[in-house]
Amino acid sequence: MESLALPTSALEKNLLSYLERHLGCILKVDRLAGGHQHSWLLETNTERLVLRLNQQQPCYGLDYQREREVLQQLNHLPWVINMHPLSLNGEFLLYQFQEGEVVSLTQWQQPTLWPQLLKVLHQLPSAGKGLPHFDMLKYLQRYVNDISASEAASFRRQALQWIKQQNWPQQQAFNHHDLHLDNLLLSSEQKLLVLDWEYAATSMQGWDAASVAQRCPVTAEQRADLIAISDLNSGQFELLVVAVALLDLAWYWQYQPQWQGLLLRTQQWLNAQGLANSI
């Protein structure tokens with residue numbers, strides 16, 4: 001059977017030819033939805049694979065080249081997707097497609113999921129020893145500083161000042177940096193897997209635990225678990241939770257400034273920090 005003819009806008013022909021030489025006939029190529037602008041699902045006669053093209057935006061921490069290095073080191077861990085050997089020689093990342101579902105709010109309530117996530121958070125900080133460092137504070141400042149919407153000018157100014165005034169944790173640990181429900185996959189065997197490692201690097205200790213506390217619907221008991229596993233005191237931990245909320249707001253102001261709840265959430269963040277009464 002001949003391979004599927006693809007427009008060069010989907011995948012470069014020389015890359016497709018290279019992949020077919022090593023993988024065999026590629027029957028289907030689909031761009032993955034959900035913001036993965038540089039990711040494709042490939043289907044051959046024998047397997048399904050996910051292809052991620054290199055993309056580097058160091059100022060925003062995005063680095064698919066580093067993702068390959070991360071996955072190469074973490075490949076032995078049960079909650080990491082298996083990388084295809086071809087990734088080691090190509091200017092791309094290729095890994096095995098894993099059947100499963102992105103964790104939904106309903107699945108989040110399953111009693112077997114939380115212990116699995118805590119295990120990930122416990123193992124991850126030391127699993128990435130020796131991998132590249134990333135300045136999380138500069139990253140946060142850059143994201144906030146690049147907000148251009150005129151209606152967020154006061155918020156931008158106050159947030160930058162807030163960042164400068166905080167006593168940030170000095171401890172370092174390896175972090176995924178983008179933990180939320182959409183990056184957690186539950187396999188058909190109810191095994192938890194963590195996706196999308198392009199932001200992973202060594203940075204502030206406890207950032208991942210704070211991300212889960214901010215972005216996932218945790219109970220008071222689960223929040224206590226996260227504080228304990230972060231190895232920070234409660235004040236340092238809550239500071240990082242506020243910082244994650246600020247990073248998310250900055251992302252929305254840059255990429256989805258028309259989101260209906262953005263003004264309200266921004267005002268709530270300012271109020272919670274005791275800042276000006278209006279954006």
Side-chain angles (χ1 to χ4, degrees), residues 11 15 19 22-24 26-44 46-56 61-104 107-108 110 112-132 134 174-202 207-208 211-212 215-216:
L11 272 182
L15 173 58
L19 292 170
H22 293 273
L23 301 174
I26 296 178
L27 305 176
K28 189 175 182 181
V29 177
D30 284 329
R31 189 187 289 271
L32 291 177
H36 301 283
Q37 297 301 310
H38 298 266
S39 301
W40 283 265
L41 177 63
L42 310 182
E43 186 174 332
T44 72
T46 59
E47 58 188 342
R48 299 173 81 192
L49 302 162
V50 174
L51 171 72
R52 292 171 75 99
L53 300 185
N54 285 347
Q55 184 191 18
Q56 292 177 297
L62 181 66
D63 192 336
Y64 285 9
Q65 190 76 9
R66 189 176 64 225
E67 181 181 19
R68 177 168 61 178
E69 188 178 347
V70 166
L71 289 179
Q72 193 172 347
Q73 180 159 321
L74 304 186
N75 210 35
H76 65 286
L77 294 166
W79 33 268
V80 175
I81 299 292
N82 290 328
M83 191 166 61
H84 192 281
L86 197 58
S87 292
L88 302 178
N89 301 317
E91 293 301 314
F92 52 80
L93 182 68
L94 193 67
Y95 56 89
Q96 305 292 336
F97 176 79
Q98 173 65 55
E99 295 285 354
E101 294 181 71
V102 170
V103 173
S104 65
Q107 290 169 325
W108 177 257
Q110 294 182 12
T112 59
L113 194 147
W114 185 248
Q116 291 189 69
L117 182 55
L118 286 182
K119 186 175 182 180
V120 172
L121 292 171
H122 176 72
Q123 293 179 328
L124 189 54
S126 59
K129 282 184 178 178
L131 287 169
F134 178 65
F174 187 77
N175 288 286
H176 177 277
H177 284 143
D178 198 25
L179 283 184
H180 50 79
L181 294 186
D182 286 347
N183 280 339
L184 300 176
L185 186 76
L186 203 59
S187 74
S188 55
E189 297 83 20
Q190 302 303 292
K191 174 184 172 184
L192 183 66
L193 297 157
V194 182
L195 308 175
D196 291 0
W197 292 87
E198 64 267 27
Y199 296 100
T202 296
W207 187 270
D208 280 347
S211 296
V212 173
R215 295 167 172 169
C216 302

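The figures here come from the full heavy-atom set of this structure, side chains too, leaving out hydrogens, waters and symmetry mates.
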Where the side chain of [X] meets the backbone of [Y], is there a donor-acceptor pair that is under 3.5 Å apart?
{"X": "His176", "Y": "Leu195", "value": "yes"}
{"X": "His84", "Y": "Val50", "value": "no"}
{"X": "Asp30", "Y": "Leu41", "value": "no"}

[atom1]-[atom2] distance between [X] and [Y], expressed to the nearest 0.5 angstrom:
{"X": "Glu67", "Y": "Ser87", "atom1": "CD", "atom2": "OG", "answer": "9.5 Å"}
{"X": "Leu192", "Y": "Leu118", "atom1": "CG", "atom2": "CG", "answer": "10.5 Å"}
{"X": "Leu193", "Y": "Ile81", "atom1": "CG", "atom2": "CD1", "answer": "4.5 Å"}
{"X": "Leu117", "Y": "Leu124", "atom1": "CG", "atom2": "CG", "answer": "10.5 Å"}

Using a 4.5 Å cut-off on heavy atoms from C-beta on, say whether the side chain of [Y] contacts that of [X].
{"X": "Phe97", "Y": "Glu43", "answer": "no"}
{"X": "Val120", "Y": "Leu179", "answer": "no"}
{"X": "Leu49", "Y": "Gln96", "answer": "yes"}
{"X": "Trp108", "Y": "Leu184", "answer": "yes"}

Please report the closest heavy-atom contact between [X] and [Y], naming both atoms and the distance.
{"X": "Cys216", "Y": "Leu181", "answer": "SG-CD2, 3.9 Å"}
{"X": "Leu15", "Y": "Leu51", "answer": "CD2-CD2, 4.3 Å"}
{"X": "Pro132", "Y": "Ala201", "answer": "O-CB, 3.4 Å"}

Open item on the list: Holding to side chain to side chain contact (heavy atoms under 4.5 Å, CB included), I want the full list of residues that pass it with Thr44, two or more places apart in sequence or in another chain.
Closed with: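 Expected list: Leu23, Ile26, Thr46, Glu47.
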List in chain and number order the residues that pass side-chain hydrogen bond (donor to acceptor under 3.5 Å, both in side chains) with [X], two or more places apart in sequence or in another chain; answer none if no residue qualifies.
{"X": "Ser187", "result": "Glu189"}
{"X": "His177", "result": "Ser203"}
{"X": "Gln98", "result": "none"}
{"X": "His180", "result": "Asp178, Asn183"}

Open item on the list: Checking Leu86 against Leu19 for the side chain to side chain contact (heavy atoms under 4.5 Å, CB included) test, could you report, in this order, the C-alpha distance in whole Å, the side-chain angles of both residues, the deciding distance, and whether it holds?
Closed with: CA-CA 9 Å; Leu86 197 58; Leu19 292 170; 4.1 Å; yes
TODO: Hey, could you give me each pair passing salt bridge (Lys or Arg N to Asp or Glu O under 4.0 Å) that has a residue in residues 94-103? Not counting sequence neighbours.
DONE: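 Qualifying pairs, neighbours excluded: Arg48-Glu99.
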Would you mind writing out the side-chain donor-acceptor pairs for residues 73-80 within the sub-3.5 Å range, not counting sequence neighbours?
residue : atom : partner : partner atom : Å
Gln73   : NE2  : Ala127  : O            : 3.0
Gln73   : NE2  : Lys129  : O            : 2.9
Asn75   : OD1  : Met83   : N            : 3.2
His76   : ND1  : Gln73   : O            : 3.3
Trp79   : NE1  : Gln123  : OE1          : 2.6

Task: With His22 via ring pair (Phe, Tyr, Trp, His ring centres under 6.0 Å) - residues at least two apart - done: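 Per chain and number, His22 pairs via ring pair (Phe, Tyr, Trp, His ring centres under 6.0 Å) with Tyr18.
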TODO: Could you tell me which residues satisfy salt bridge (Lys or Arg N to Asp or Glu O under 4.0 Å) with Asp182, sequence neighbours excluded, listed by chain and number?
DONE: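 Scan of Asp182 (salt bridge (Lys or Arg N to Asp or Glu O under 4.0 Å), adjacent residues dropped) gives none.
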- [ ] Classify the ring geometry between Trp197 and Phe174 as parallel (under 30°), tilted (30 to 60°) or perpendicular (over 60°).
- [x]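 Rings of Trp197 and Phe174: parallel, as their planes differ by under 30°.
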